[in-house]
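Counting begins at 1 with the first residue of the sequence.
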Amino acid sequence: MTKNPTWISDWRPEDEAFWNATGKTIARRNLIWSIVAEHIGFSVWLIWSIVTTKLPQAGFHYSTDQLFQLIAVPGLIGALIRFPYTFAVTTFGGRNWTIFSAAILFIPTLSLAYFVSQPDTPFWLMLLIASTAGLGGGNFASSMTNISFFFPDRMKGWALGLNAAGGNIGVSSVQLLTPILMTLAVFNLFQATPVDGIFLQNAGLMWVLPIAIAVFGAVFFMNNLTTAKSSVKNQLAIVKRRHTWIMAYLYIGTFGSFIGYSAAFPLLLKTQFPTVTISIAFLGPLVGSLSRPLGGWLADRVGGSIITFWNFILMAGATVGVLYFVGQKDFIGFLSMFLILFVTTGIGNGSTYRMIPSIFREENLFRVRGKGDVARAAALKTASIESGAAVGFIGAIGAVGGYLIPSGFGKSIAMTGGPQLALAIYLAFYGSCLALTWWFYLRRSPQGEGAPSLAEARV
């Protein structure tokens, strides 16, 4: 094996000798640069969560519902684009696709930088420009699929949790840095006149150099795995697995909540507590991102389904708290409950993603029970391919929350004057997620002929 080959053909992470000798170093290097690229992708995806709060001040005359739509549409595009991104890794290679998916982020950043300095831009065109930010949302699916191939099964929870957290925290970065850098003229490449001292175009231009660094890192420090090559047809087998759809539903409850609340939080703060600065909005995505590896770590030790079950109970409780305090117009209570809600979305993200490879491993091993070592090895390889595809596929469906939650808040405020109706609907949804988790993954009863007991396996 050469020092850093573009394609690696001999990859055996489950072989402890191989892992300790060469595998660990290569896997960690790819994980680091995967995190860098995914972090920037998330940042670009959520740019509009901050930009929309400043548009009225910059002379754009859009309604509150339209502003929420500008936040929601990138979430929808990001979710839809995750489907092709999921299968791209096994078709083109993880390194190759990281290069492409990072480089294409110049489109949403540079187009935003130009059009936010044009207050006469019609809403439909601004919506189109905002939708291109969804390209950043696709990076998560390809990144998670790619990293799932690099690590042994015993470390997938930790590795996927770390990879996801590094990406998720990009939401916090963009919400922390953007309000600061919009007040600086140093990035003012288009020479637009600032409105009230704000250079909105900096929200896009600030990511140009980081994108270039991510592309450079992927080119020189990442690898493709030939063992991760698979036809789209083989991967699409996951669509026929019922657990793909069950886990996708649960992932809307965890990651969908994280990305949806992250996108909506700054504008929700501005509409419900106008005197509070939106600069504190980054706290929500920050605690949600930092708690994600904790969810993966706990799931590795206790079992993903158990952590997921109790986590949905906490999510429901925090939502009740947010409902109460937003009605009381109590900002401290509202913020406290929302931060707890963000923490639980992160823990749930980690625990649900840990369940996916476990479920596919158990199901594939069950089919070859008693058929010998060769069949077992083939089943484990199939499980690796399927779980890699499922990770991206489920992530794509879960990301729909990035559209549903901001859109729901916008419609609720337009119809009732407040976000309570939307929060009540989200609460009911968490109840259904809790029931599904118990029924399929914790209920100790026969799962039907030809199906393993996933409760016994502690997935």
**Q** Can you list the steps and then say if Trp33 with Phe220 is a ring pair (Phe, Tyr, Trp, His ring centres under 6.0 Å)?
**A** CA-CA 10 Å; Trp33 284 102; Phe220 291 101; 9.9 Å; no
**Q** Any donor and acceptor pair, going by atom type alone, linking the side chain of Asn202 with main-chain N or O of Leu205 inside 3.5 Å?
**A** no
**Q** Among side-chain atoms of Ser34 and Ser143, is any donor-acceptor pair under 3.5 angstrom?
**A** yes
**Q** What do you reckon, are the aromatic ring centroids of Phe140 and Tyr85 less than 6.0 Å apart?
**A** no
**Q** Would you say the ring centers of Phe338 and Phe325 fall short of 6.0 Å from each other?
**A** no
**Q** What verdict does the side-chain contact (heavy atoms from CB on, under 4.5 Å) test give for Leu181 and Phe199, after you've listed the backbone C-alpha separation in whole Å, the side-chain angles of each residue and the deciding distance to 0.1 Å?
**A** CA-CA 8 Å; Leu181 292 180; Phe199 292 86; over 6 Å; no
**Q** Above 12 or not: heavy atoms from other molecules or residues under 6.0 Å from CH2 of Trp158?
**A** yes
**Q** To the nearest 0.5 Å, what is the distance between CG (Leu434) and CG (Leu314)?
**A** 10.5 Å
**Q** First locate atom CD1 of Ile26, then atom CE of Met222, and finally report the distance between them rounded to the nearest 0.5 Å.
**A** 12.5 Å
**Q** Assess the residue pair Phe123 and Leu70 against the criterion (side-chain contact (heavy atoms from CB on, under 4.5 Å)); give the C-alpha distance rounded to whole Å, side-chain angles, the decisive distance to 0.1 Å, and a yes or no.
**A** CA-CA 9 Å; Phe123 176 71; Leu70 288 174; 3.8 Å; yes
**Q** Which pair of non-hydrogen atoms, one from Tyr430 and one from Gly253, has the smallest distance, and what is that distance?
**A** CE2-O, 3.6 Å
**Q** Using modelled atom types and a 3.5 Å cut-off, is there a donor and acceptor pairing between side-chain atoms of Ser412 and backbone atoms of Gly408?
**A** no
**Q** Taking the side chain as everything from C-beta on, heavy atoms only, tell me whether Glu362 gets closer than 4.5 Å to Val459.
**A** yes
**Q** Under 3.5 Å, is there a donor-acceptor pair between the side chain of Ser43 and the main chain of Gly170?
**A** yes
**Q** Does some side-chain heavy atom of Phe151 sit less than 4.5 Å from a side-chain heavy atom of Pro13?
**A** no
**Q** Once rounded to the nearest 0.5 Å, what's the spacing between atom CG of Asn311 and atom CE of Met315?
**A** 6.5 Å
**Q** Can you confirm whether Leu341 sits close enough to Phe258 that some side-chain heavy atom of one is under 4.5 Å from a side-chain heavy atom of the other?
**A** no
**Q** For the residue pair Phe360 and Ile238, what are the closest heavy atoms and their distance?
**A** CE2-CG2, 4.0 Å
**Q** So Phe100 and Asn96, do their side chains get closer than 4.5 Å, heavy atoms only?
**A** no
**Q** With Phe334 as reference, evaluate Val322, Leu339, Val276 under the side chain to side chain contact (heavy atoms under 4.5 Å, CB included) test and give the passing residue.
**A** Val322
**Q** List the atom of Ile81, the atom of Gly78, and the distance in Å for their closest heavy-atom pair.
**A** CG2-O, 3.4 Å
**Q** Looking at Asn163 and Ala159, would you say the former's side chain and the latter's main chain have a donor-acceptor pair under 3.5 Å?
**A** no
**Q** Once you round to the nearest 0.5 Å, how far does CD1 of Ile147 lie from CZ of Phe150?
**A** 6.0 Å
**Q** Indicate, with yes or no, if the rings of Tyr426 and Phe409 have centres closer together than 6.0 Å.
**A** yes
**Q** Using a 6.0 Å cut-off, check whether atom CZ of Phe149 has over 12 heavy atoms from anything other than its own residue.
**A** yes
**Q** Quick check: do Phe282 and Leu177 have side-chain heavy atoms less than 4.5 Å from each other?
**A** no
**Q** For Gly395 and Tyr251, which heavy atoms make the closest approach, and how far apart are they?
**A** CA-CE2, 3.6 Å
**Q** Side chains of Tyr249 and Ser432: is there a donor and an acceptor less than 3.5 Å apart?
**A** yes
**Q** Tell me if a side-chain donor or acceptor on Tyr353 pairs with a main-chain N or O of Leu160 at a distance below 3.5 Å.
**A** no
**Q** Any side-chain to backbone donor/acceptor pair from Arg292 onto Gly288? Under 3.5 Å, distance only.
**A** no
**Q** If you look at every heavy atom in Ser101 and Thr98, which pair is closest and at what distance?
**A** OG-O, 3.3 Å
**Q** Please check if any side-chain donor atom of Asn139 sits under 3.5 Å from a side-chain acceptor atom of Arg82, or the reverse.
**A** no
**Q** Given side-chain contact (heavy atoms from CB on, under 4.5 Å), test Phe312 with Thr254 step by step and report yes or no.
**A** CA-CA 8 Å; Phe312 275 125; Thr254 56; 3.8 Å; yes
**Q** Please give me the minimum heavy-atom distance between Val215 and Ala102, naming the atom from each residue.
**A** CG2-CB, 3.8 Å
**Q** Without swapping roles, check the side chain of Trp19 against the backbone of Pro152 for a donor-acceptor pair under 3.5 Å.
**A** no
**Q** May I ask you to decide if Ser142's main-chain N or O and Thr145's side chain share a donor-acceptor pair within less than 3.5 Å?
**A** no
**Q** Is it true that His243 and Tyr441 have ring centroids separated by less than 6.0 Å?
**A** yes
**Q** If we count only N and O atoms by modelled type, under 3.5 Å, do the side chains of Ser49 and Gln175 hold a donor and an acceptor together?
**A** yes
**Q** Short question: side chain of Ser289, backbone of Ile169 - any donor-acceptor pair under 3.5 Å?
**A** yes
**Q** Can Leu269 and Phe265 be said to form a side-chain contact (heavy atoms from CB on, under 4.5 Å), step by step?
**A** CA-CA 6 Å; Leu269 275 176; Phe265 198 44; 4.1 Å; yes
**Q** Could you tell me the separation between the OG1 atom of Thr109 and the CG atom of Leu135, rounded to the nearest 0.5 Å?
**A** 10.0 Å
**Q** Would you say that Leu335 contacts Phe273 through its side chain, given a criterion of any heavy-atom pair below 4.5 Å between the two side chains?
**A** no
**Q** Between atom CD of Gln69 and atom OG of Ser407, what is the distance when rounded to the nearest 0.5 Å?
**A** 4.5 Å
**Q** So do the side chains of Tyr114 and Gln201 get within less than 4.5 Å of each other, counting heavy atoms only?
**A** no
**Q** Assess, by modelled atom type and distance only, whether the side chains of Asn223 and Arg95 contain a donor and an acceptor separated by less than 3.5 Å.
**A** no
**Q** Does the ring centre of Phe393 sit less than 6.0 Å away from the ring centre of Trp245?
**A** yes
**Q** Is any side-chain heavy atom of Gln66 closer than 4.5 Å to one of Met126?
**A** no
**Q** Has Arg242 got its NZ or CZ under 6.0 Å from the middle of the six-membered ring of Phe440, at an angle within 45 degrees of the ring axis?
**A** no
